[in-house]
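Below is one structure, written out as structure tokens, with a few remarks after it.
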Amino acid sequence: MLLCHLQWLPATGKEARSFQTLTLLLYVSRRQTHVISPFFSLLDSCQSPKKTPSNNEAASAGKILISSQPLLQTRCGKKHQRLVLRMDNYTLVITEKPDAAQRIALALDKGEKPRKLSENGVPYYVAKRNGREIVVVPALGHLYTIAAERKGRNYYPVFSFKWVPRYVADRKATRIRSWLQTITTLAKKAGAFVDACDFDVEGCVIGYCILKYACGAKEHESKRMKFSTLTKQELEKAYAEPLPQLDFGLIEAGLTRHEVDWLCGINLSRALTVATRKWSGKYATLSTGRVQGPTLKFLVVREEAIRSFVPTPYWKIRAQVEKDGRVFEARYVKERIENKKEAETIANSCKDKKGQIEEIAIREFKHPPPFPFDLGTLQSEAYNLFSFAPRRTLNLAQQLYLDALISYPRTDSQRLPSTIDYATILKNLGKAEEYHKLTSELLLKQTLKPNEGYKEDPAHPAIYPTGNLPRRALEASKRKVWDLVARRFLAVFSEPAAKQNMKVYVKINGHRFHFSGRRILVQGWMRYYEPYVKFDEVLLPPTKKGQIVNVKKIILEEVFNEPPTRYNPSSLLKDMEEARIGTKATRADIMQTLYDRRYIEGERITVTSLGFEVFDVLEKHCPQVVSTALTRELEEKMDRIRENREKREDVLTDVIRMLHPSLAAFKQEEEVVGEQLNDALERSKLEERIIGTCPVCKTGKLIINYSRKTGKRFVGCTSYFKGLCKTCFPLPQRGTVGSTGRNCPACGWPTVEVRMKRRPWVLCFNSECPSKTGNKRS
């Protein structure tokens with residue numbers, strides 16, 4: 001038995017003035033459909049609700065539009081059919097992701113119970129609002145991409161391209177075909193179109209391509225929903241008050257960015273790959289692009305500075321002084337003493353002397369609240385606090401956005417407009433016990449004014465909590481990011497913190513030293529941002545000018561200056577943002593691509609030999625692509641395109657003119673470049689197999705090898721081939737194995753990480769390890 005709602009569509013004449021909804025109780029078998037009992041609810045006041053037409057009358061007056069699709073196997077073994085409602089003249093709303101489609105349908109449906117249907121395995125939702133049907137269908141991110149006009153991948157340059165469905169360019173994207181077929185089918189009977197994809201560059205391009213290609217050139221008819229959260233209130237307002245048309249300036253900028261990145265990426269990546277393949281006869285994926293190149297340059301320049309760094313010595317002098325039974329460490333006022341003899345003279349003259357407090361400098365200052373989060377600062381904060389990689393933070397923030405817990409995360413803004421109703425958000429957050437006291441205090445303020453930054457984003461405000469509380473317990477990492485966003489939001493409405501620094505100057509035999517104390521006078525915003533802000537107080541005893549202190553010890557220390565610090569994901573992200581390399585949405589992915597291509601490795605980022613060689617080739621043959629100047633210039637052009645001050649065609653022409661001579665010169669050097677890159681690839685593969693230094697012979701390297709007889713892998717020492725070491729251990733034969741870069745805490749031997757379908761685990765292969773060799777969950 002199945003309860004199904006069908007539309008009875010009148011034909012012509014008087015019947016056309018009445019619109020009736022039939023509720024039919026149907027028993028559907030494989031052979032026929034039986035109408036058990038019809039119930040009519042008449043929406044037109046001129047029709048009598050008591051009159052129930054026969055099946056023949058209903059058929060003559062109009063058409064019942066249904067279609068049948070296979071459903072589940074029943075207990076009796078008969079196949080049932082599922083009825084899918086077919087409508088006309090509905091509003092088709094297009095979203096970027098399935099989760100967003102569900103949220104929007106729930107918000108727009110009058111009873112908050114939209115029907116979930118599917119076709120070809122593609123889910124969509126039917127909502128009712130103000131007597132009109134709304135069909136909400138999701139995309140799967142980008143359904144269209146760029147492909148070369150000519151097939152094949154073993155040639156370059158490539159300057160002719162077209163936009164195609166993703167399954168045409170990517171064989172793995174097979175689902176996209178059925179997705180586009182469903183959207184096209186739904187678009188044919190739609191009477192109005194609304195683009196509800198994310199309101200940023202990528203979202204605008206996704207919605208535009210679907211409306212243009214899948215919906216039959218509806219991009220100029222469509223309206224645009226603009227929202228920053230997936231809360232019911234904001235979605236209802238965005239639907240009721242849509243923008244009259246798409247943002248074609250933003251779309252043009254987005255299309256240009258994709259096309260420029262494709263032109264640079266496809267040509268230079270093919271140049272590298274083809275040169276390597278021609279030399280070795282083997283295929284290896286090498287890539288670069290407009291953003292990858294400058295990012296790799298940042299890392300190479302830093303790596304070269306570290307490797308070429310020569311440490312030089314200098315000297316520091318410290319004095320341990322005693323005051324009221326407590327010992328403080330005072331530093332000589334001259335931080336660096338370059339001459340050893342001078343340092344020794346000063347230290348010797350201070351030994352066995354008394355100190356006298358010469359001056360007390362007290363400075364009080366206010367520390368303003370932090371700015372609201374933009375994506376970059378959220379990623380940096382999450383890395384510093386939780387060691388979350390930028391890409392992971394973005395993914396977690398995106399999930400929280402789809403759960404309607406925070407606003408749209410891909411934003412550059414540090415500003416919070418008053419239209420978001422601060423007080424309501426605080427009241428709702430206060431329903432959670434951990435925020436109740438803090439929000440209650442903030443709500444007592446006469447006005448709620450956030451401390452805002454200077455950065456703005458025309459599409460979205462800074463990241464903020466919506467005020468919705470999780471309906472179920474969040475996974476630990478999601479909870480951390482949500483709590484971080486919530487507490488940051490509270491902190492920006494609080495008062496500045498007041499701090500005091502005290503610096504005490506001590507004279508020892510004519511030489512000046514100083515020690516410091518610090519304390520918090522007023523916590524202000526810091527109380528709201530706990531535990532994510534820390535301030536270590538150093539409280540000094542009462543001190544007066546002229547007091548005598550005991551000098552317990554004089555310490556002369558030889559110190560070497562440090563090389564530049566290595567980039568970590570957070571610091572690299574910050575430099576990319578300052579140099580305007582990439583976008584807020586792509587920087588984390590670019591970083592991950594460099595890892596995936598084996599150009600860089602480690603959390604404290606090290607450039608591999610392959611990364612150095614690829615950069616060297618690009619620097620020599622196409623220096624513009626690794627230049628930050630080119631990237632900045634293109635970003636400025638994107639801004640002008642958005643403002644209709646520059647044409648997309650002109651930008652593409654300039655890029656082709658830049659690439660053409662570089663690629664022609666590259667072709668002339670293919671053999672040399674191929675040999676250089678192939679050697680680097682071989683070294684890179686060897687480096688990946690090295691586990692660490694052999695703890696037995698201390699001279700060789702432990703390396704992953706394969707038996708010529710059995711093909712099985714094992715760990716052996718490179719000194720074996722010199723007859724110096726026979727160290728050898730078996731390895732698991734399934735999954736992938738690689739060095740962890742860490743030693744076993746129990747025995748000090750290098751360890752490996754084994755990755756299979758389940759969670760990766762760490763293996764110490766020392767059979768005599770005190771921890772009793774085995775698998776330890778990482």
Side-chain angles (χ1 to χ4, degrees), residues 142 144-150 155-164 169 195 199-213 217 219-220 224 245-271 287-295 297 412 457-459 576-577 579-587 590 618 621-667:
H142 284 283
Y144 291 87
T145 189
I146 305 171
E149 290 275 4
R150 175 185 159 192
Y155 69 93
Y156 68 94
V158 188
F159 296 134
S160 298
F161 60 84
K162 57 186 176 182
W163 284 84
V164 298
D195 180 359
F199 202 91
D200 60 5
V201 172
E202 298 303 313
C204 285
V205 170
I206 290 169
Y208 169 82
C209 287
I210 292 171
L211 288 163
K212 181 179 176 67
Y213 301 117
E219 69 274 18
H220 293 287
R224 185 68 161 103
Q245 63 180 12
L246 307 184
D247 188 336
F248 289 101
L250 191 58
I251 290 167
E252 278 291 290
L255 293 172
T256 307
R257 183 187 301 279
H258 275 270
E259 290 161 0
V260 167
D261 288 349
W262 185 87
L263 284 168
C264 292
I266 197 75
N267 281 288
L268 294 169
S269 297
R270 282 192 182 182
S287 70
T288 190
R290 180 182 68 88
V291 181
Q292 272 190 60
T295 306
K297 183 175 183 177
D412 285 329
D457 188 321
M576 290 174 71
E577 186 177 350
R580 296 196 69 187
I581 294 176
T583 68
K584 51 188 174 288
T586 62
R587 289 180 188 118
I590 290 296
L618 294 173
H621 298 284
C622 198
Q624 304 98 318
V625 175
V626 294
S627 165
T628 55
L630 172 67
T631 302
R632 277 198 301 268
E633 182 184 340
L634 285 170
E635 292 297 334
E636 290 167 2
K637 288 183 177 181
M638 306 295 180
D639 292 341
R640 291 201 292 270
I641 288 172
R642 182 176 179 177
E643 297 165 1
N644 295 317
R645 294 189 293 115
E646 182 110 26
K647 290 186 177 180
R648 174 175 156 204
E649 295 78 8
D650 294 340
V651 175
L652 295 176
T653 301
D654 290 343
V655 170
I656 291 172
R657 284 174 180 165
M658 180 270 292
L659 287 172
H660 199 278
S662 298
L663 294 170
F666 196 98
K667 272 188 177 292

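Note that the numbering runs from 1 along the sequence shown for the chain. Computed from a prediction, not measured in an experiment: that's the story for all the values here.
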So Pro458 and Arg642, do their side chains get closer than 4.5 Å, heavy atoms only? yes

So, Glu633 and Lys637, do they make that salt bridge, N to O below 4.0 Å? yes

Quick one: does Val158's side chain get under 4.5 Å of Trp262's, heavy atoms only? yes

Measuring only between side-chain heavy atoms, which start at C-beta, is Ile266 closer than 4.5 Å to Tyr156? no

Test your reading of the model: is there a side-chain donor-acceptor pair from Ser627 to the backbone of Pro294, 3.5 Å cut-off? no

Taking 4.0 angstrom as the limit, do Arg648 and Glu259 come out as a salt bridge? yes

Taking the side chain as C-beta and beyond, is there a heavy-atom pair between Phe159 and Leu263 under 4.5 Å? yes

Taking the side chain as everything from C-beta on, heavy atoms only, tell me whether Ile581 gets closer than 4.5 Å to Arg587. no

Looking at the rings of Tyr213 and Trp163, which for Trp means the six-membered one, are their centres under 6.0 Å apart? no

Here the pair of heavy atoms bringing Cys204 nearest to Arg224 is SG-NH2, 3.6 Å

Kindly determine whether Thr631 and Arg290 satisfy side chain to side chain contact (heavy atoms under 4.5 Å, CB included), including the steps that lead there. CA-CA 7 Å; Thr631 302; Arg290 180 182 68 88; 3.7 Å; yes

Nearest atoms (heavy-atom pairs only) where Val201 meets Gly254: CG1-CA, 3.3 Å

Between the main-chain N or O of Arg580 and the side-chain N or O of Arg632, is there a donor-acceptor pair closer than 3.5 Å? no

Looking only at heavy atoms, which two atoms of Asp412 and Asp457 are closest? And how far apart? N-OD2, 3.1 Å

Measuring from Leu663:CG to Asn267:CG, what's the distance to the nearest 0.5 Å? 5.0 Å

For Glu219, what residues pass the side-chain hydrogen bond (donor to acceptor under 3.5 Å, both in side chains) criterion, not counting sequence neighbours? none

Which value, rounded to the nearest 0.5 Å, describes the distance between Leu634 atom CG and Asp639 atom CG? 11.0 Å

Is there side-chain contact between Lys297 and Thr628, with heavy atoms separated by less than 4.5 Å? no

Test side chain to side chain contact (heavy atoms under 4.5 Å, CB included) on Arg150 and Ser160 and set out the steps. CA-CA 8 Å; Arg150 175 185 159 192; Ser160 298; over 6 Å; no

Using side-chain heavy atoms (C-beta onward) and a distance below 4.5 Å, is Leu268 in contact with Cys622? yes

Ala147 and Val164 have their tightest heavy-atom pair at CB-CG2, 3.7 Å

Check for a donor-acceptor pair, side chain of Ser269 on one end and backbone N or O of Thr288 on the other, with a separation under 3.5 Å. yes

Nearest 0.5 Å, what's the CG-CD1 distance between Leu211 and Ile206? 12.0 Å

4.5 Å side-chain heavy-atom contact, Lys162 and Ile146: no

Tell me whether the count of non-hydrogen atoms from other residues, nucleotides or ligands lying under 6.0 Å of NZ in Lys647 goes above 12. no

Would you say Thr586's side chain and Thr583's backbone share a donor-acceptor pair under 3.5 angstrom? yes

SB check Asp650 Arg640 (cutoff 4.0 Å): no

So, for Lys667 and Pro157, which heavy atoms are closest and what is the spacing to 0.1 Å? CE-CD, 4.2 Å

Point-to-point distance, once rounded to the nearest 0.5 Å, from CD1 of Ile641 to CG of Leu255: 9.5 Å

Can you tell me how far apart NE2 (His220) and OH (Tyr208) are? Round to the nearest 0.5 Å. 6.0 Å

Rounded to the nearest 0.5 Å, what's the gap from CG on Asp200 to CG on Leu250? Could you check? 7.5 Å

Looking at Glu202 and Lys584, does any basic side-chain N land under 4.0 Å from a carboxylate oxygen? no

Criterion side chain to side chain contact (heavy atoms under 4.5 Å, CB included) on Ser662 and Gln624, from CA distance to verdict: CA-CA 9 Å; Ser662 298; Gln624 304 98 318; 3.7 Å; yes

